[in-house]
Amino acid sequence: MKLQELEKIGEYIYKIYKEGISNVPAVVFADEKIIDSLMADQSLNQVINVTSLRGVVYVFIMPDVHWGYGFPIGSVACTNYDEGGVISPGGIGFDINCGVRLLKTNISFKNLSDNLKEKLLDKLFEYVPSGVASESDIKLSKAEFKKVVEKGLNWAVENGMASENEIELVEDRGVKDNVDVSNVSSEAIDRGKCQLGTLGSGNHFLELQVVDNIYNDKVSKVLGLYKDQLVVMIHCGSRGFGHQVATDYINLMLKNMDKYNIKILDKQLACVPASSPEGQKYITAMNTAANFAHLNRQIITHKVRKAFREVLGKTVSVDLVYDISHNMATIENYVFNGKKVKLVMHRKGATRALPPFHNFLPDKYKTIGQPVFIPGDMGRYSFVLVGTQKAYELTCSHTCHGAGRTKSRNQIKKEIDYTDLLKILKDKGISIRASSKATVVEEAPEAYKDASIVVDIVDKVGISSIVARLRPVGVVKG
DNA sequence: ATGTTC
């Protein structure tokens with residue numbers, strides 16, 4: 001390669017740098033096959049575009065990388081806050097604070113009859129609205145909604161949908177600092193006020209899963225996970241609310257970039273200095289949407305508990321393991337390569353993977369590092385990992401977020417038939433409830449890499465450490 | 001991802 005320099009710098013580690021464009025190299029964690037597909041794809045240009053942003057100091061690309069809006073999904077972009085480093089909504093994504101939470105039950109899967117599993121899925125599908133325009137049974141006025149999103153998970157505690165102990169297991173206790181709903185548009189509030197406790201569509205899901213394999217007994221024990229245990233994984237975000245916040249601020253930034261003399265290679269990289277008035281406003285609006293997403297996953301958890309109790313009785317327990325975010329930006333002082341910098345850390349399809357004894361960790365997980373959940377596709381596996389010291393040193397404490405798409409929605413629709421897919425899943429013991437057949441086909445396992453491949457890479461590189469494998473047995477989709 | 005192509 002000439003201008004687009006790709007250099008292998010270690011086992012599963014590459015650098016990408018384009019002379020005259022990149023301010024810093026992107027460090028890519030991948031195997032050869034992933035590198036090949038990256039080089040053949042638009043996502044290569046997106047990686048290079050990110051390395052050209054003003055004030056960018058570190059770019060990390062994860063093995064689940066694929067094309068996204070402006071920034072590739074599977075990227076971490078850190079800019080220097082004190083030196084005019086930018087913040088860009090495209091580096092966070094439209095679904096602000098999309099994330100995953102894992103719930104553990106006190107039920108062994110072998111004790112759950114098919115009949116009860118089906119009943120449970122019926123109830124879950126009934127109680128958790130899913131699909132694009134789905135609305136919640138919680139309908140708030142605009143004024144009420146504003147208070148609710150400012151309170152974040154504290155509102156769930158006040159309303160009996162979460163316990164004080166439980167919210168310790170959510171990043172920032174589910175209440176972001178620096179929230180200001182007055183920087184959120186009236187349209188966003190309109191879209192969000194009837195969507196709390198709804199799943200959404202696309203790759204979002206609620207799954208009944210079984211702990212299928214344990215790779216680390218000690219850590220599993222601390223997390224309260226054991227083989228054959230029934231668990232619940234929830235993957236969703238901030239719905240139309242976050243989407244509108246992102247849209248509003250992309251437009252605002254496009255209008256204001258000239259003022260800061262910012263030139264970008266793609267309109268989708270719209271950005272302003274994080275310390276500018278527009279940047280500050282976006283940060284407060286993004287944090288408000290982040291509160292929404294935490295609350296959304298919490299309210300869904302409450303509904304899951306209701307469904308479980310009705311089907312399985314009062315002795316059933318459904319406890320939060322942890323709640324992670326994979327579309328978010330934070331501003332943090334970080335010591336990297338011996339240098340202390342205030343970083344604007346954009347993570348888009350990337351998960352925080354904090355090392356053991358990090359300040360941000362809840363007491364019960366201090367010794368093991370931050371729990372990391374990597375959802376795979378509906379037919380194969382999802383994974384539990386933990387953050388490591390090596391992630392602190394190599395990626396400012398980040399790892400991957402999923403399997404990564406290999407086929408577009410349109411492509412997979414041409415290849416897979418809904419009825420065939422349902423039969424294949426049924427033969428594997430996986431039942432489905434979905435509000436849209438098209439969505440199920442778009443999310444077919446064949447449209448994704450096997451999450452095992454991605455997880456194996458991050459584990460071997462050491463930017464997180466594998467703990468357990470989870471296998472889906474029931475799926476609720478939008 | 002999304003009141004599914006502003």
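Below, chains carry the letters A, B, ... as their sequence lines are ordered, and counting in each starts from 1.
Atom CZ in A:R409 sits about 11 Å away from atom C1' in B:dT2, given to the nearest Å. A:F94 has its CZ atom 12 Å from the P atom of B:dT2, to the nearest Å. Distance, A:N327 CG to B:dT2 C1': 13 Å, rounded to whole Å. Taking atom CG of A:D190 as the reference point, atom P of B:dT2 lies 18 Å away to the nearest angstrom. To the nearest angstrom, C1' of B:dT2 lies 14 Å from CD of A:E443. Here the P atom of nucleotide B:dT5 and the CD atom of A:Q268 are 16 Å apart, to the nearest Å. Remark: C1' of B:dC6 and CG of A:N251 are 8 Å apart, rounded to the nearest angstrom. Across the protein-nucleic acid pair, A:N410 atom CG and B:dT4 atom P stand 16 Å apart, rounded to whole Å.
When heavy atoms are screened at a 4.0 angstrom cut-off, A:G240 is found touching the sugar-phosphate backbone but no base atom. At a threshold of 4.0 angstrom between heavy atoms, the contacts of A:G242 with the nucleic acid are absent. In this structure, A:Q195 reaches the sugar-phosphate backbone alone: every heavy-atom distance under 4.0 Å involves primed, P, OP1 or OP2 atoms, never a base. Among the heavy atoms of the strands lying under 4.0 Å from A:S201 are primed sugar atoms or P, OP1, OP2 only; no base atom is included.
For the 3.5 Å distance criterion, the side chains of A:N327 and A:H401 fail to qualify, holding no donor opposite an acceptor.
For A:F29 and A:Y12, the ring centers are positioned 6.0 Å apart or more. Taking the six-membered ring wherever Trp is involved, the centroid distance between the rings of A:Y69 and A:F94 falls below 6.0 Å.
Side chain of A:N23 to main chain of A:L53: a donor-acceptor pair is present (N/O by atom type, distance under 3.5 Å, no hydrogens or angles).
Checking A:V132 against A:H204, the closest nucleotide of DNA chain B that is more toward the 5' end is the one next to A:H204.
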